[in-house]
Amino acid sequence: MNTQNKPELKPLKTGKTVKVVQISGKAGTMMPWHHTTQEAVVIVQQGSAILSMSDKEYALEKGDNFIIPANVGHSLSLKTDFEAIGVMMLGATIKFQ
């Protein structure tokens, strides 16, 4: 997996309590291990990826959605060109391990 070209996170909207980011990347890229300080919702718009958590791997495809618990380490490996929306609380941060 190509970790030098990790998926891009682009802010889309910010409300009073939540923020929305677009997650996109090319096939073969990988977002290294990280966690969010609060829950995050991922909604897949295009492509497929593997979401790895310490206990299990989850296949994500177009139309899928997934709630990532707060403070749980995970990584994202893109199998195909990929686009998703991430929704999280305004104060949530992403911390790479």
Side-chain angles (χ1 to χ4, degrees):
M1 284 286 161
N2 184 351
T3 59
Q4 291 182 1
N5 295 320
K6 61 184 175 186
E8 178 183 356
L9 299 175
K10 177 183 171 184
L12 293 179
K13 298 277 183 185
T14 302
K16 290 183 180 183
T17 59
V18 297
K19 60 185 171 183
V20 180
V21 297
Q22 182 166 8
I23 305 159
S24 60
K26 297 288 184 186
T29 60
M30 179 180 174
M31 185 173 288
W33 280 94
H34 62 283
H35 70 274
T36 56
T37 57
Q38 297 183 35
E39 281 185 331
V41 177
V42 176
I43 304 161
V44 182
Q45 297 178 304
Q46 172 187 315
S48 62
I50 300 295
L51 176 66
S52 298
M53 300 177 92
S54 58
D55 63 339
K56 193 172 179 182
E57 289 189 343
Y58 302 90
L60 301 179
E61 297 186 1
K62 182 179 178 179
D64 288 346
N65 58 73
F66 195 92
I67 299 173
I68 300 172
N71 299 310
V72 173
H74 56 280
S75 68
L76 187 68
S77 302
L78 307 187
K79 294 172 60 178
T80 65
D81 290 356
F82 185 82
E83 287 187 18
I85 296 294
V87 181
M88 60 189 82
M89 299 304 294
L90 194 56
T93 59
I94 298 171
K95 297 190 176 193
F96 289 92
Q97 299 173 346

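- Hydrophobic cluster membership is shared by Leu9 and Val72, with clusters built from Ile, Leu, Val, Met, Phe, Trp and Tyr side chains linked at under 4.5 angstrom.
- The nearest pair of heavy atoms linking Pro7 to Met31 is CD-N, 3.6 Å.
- Looking at every heavy atom in both residues, Thr37 comes nearest to Ala70 through O-CB, 3.7 Å.
- Hydrophobic clustering of Ile, Leu, Val, Met, Phe, Trp and Tyr side chains at less than 4.5 Å, counting indirect connections, keeps Leu51 apart from Ile85.
- There is a path of hydrophobic side-chain contacts, each under 4.5 Å, that joins Ile23 to Phe96.
- Using a 4.5 Å cut-off on side-chain heavy atoms (C-beta onward), Val44 and Phe82 make contact.
- Residues Asn65 and Ile43 meet the side-chain proximity criterion, which asks for heavy atoms closer than 4.5 Å.
- Without hydrogens or angle criteria, Asp81 side chain to Ala27 main chain gives a donor-acceptor distance under 3.5 Å.
- A pairwise comparison of heavy atoms in Ile68 and Met53 identifies CG2-CE, 4.3 Å as the closest pair.
- Each of Ile50, Leu78, Leu76 was scored for a side chain to side chain contact (heavy atoms under 4.5 Å, CB included) with Leu60, with one residue passing: Leu76.
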Given side chain to side chain contact (heavy atoms under 4.5 Å, CB included), test Leu90 with Lys16 step by step and report yes or no.
-> CA-CA 7 Å; Leu90 194 56; Lys16 290 183 180 183; over 6 Å; no
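- At distances below 3.5 Å, not a single donor-acceptor pair connects side-chain atoms of Lys10 with backbone N or O atoms of Ser24.
- Here the CD-NZ distance, from Glu8 to Lys26, works out to 11.0 Å after rounding to the nearest 0.5 Å.
- Looking at Ser52, its side chain never comes within 3.5 Å of a backbone N or O of Ser75 through a donor-acceptor pair.
- A donor atom on one side chain and an acceptor atom on the other are found under 3.5 Å apart for His34 and His74.
- Contact record, Lys6 with Pro32: CD-CD, 4.0 Å, taken as the closest heavy-atom pair.
- Here the shortest heavy-atom pairing between Lys19 and Met89 reads CE-O, 3.6 Å.
- Residues Pro69 and Ile67 approach most closely at CD-O, 3.5 Å, considering heavy atoms.
- Residues Ile94 and Trp33 are members of separate hydrophobic clusters, defined by side-chain heavy-atom contacts under 4.5 angstrom among Ile, Leu, Val, Met, Phe, Trp and Tyr.
- By the criterion of side-chain heavy atoms lying less than 4.5 angstrom apart, applied directly or through intervening Ile, Leu, Val, Met, Phe, Trp or Tyr residues, Val41 is grouped together with Leu12 in one hydrophobic cluster.
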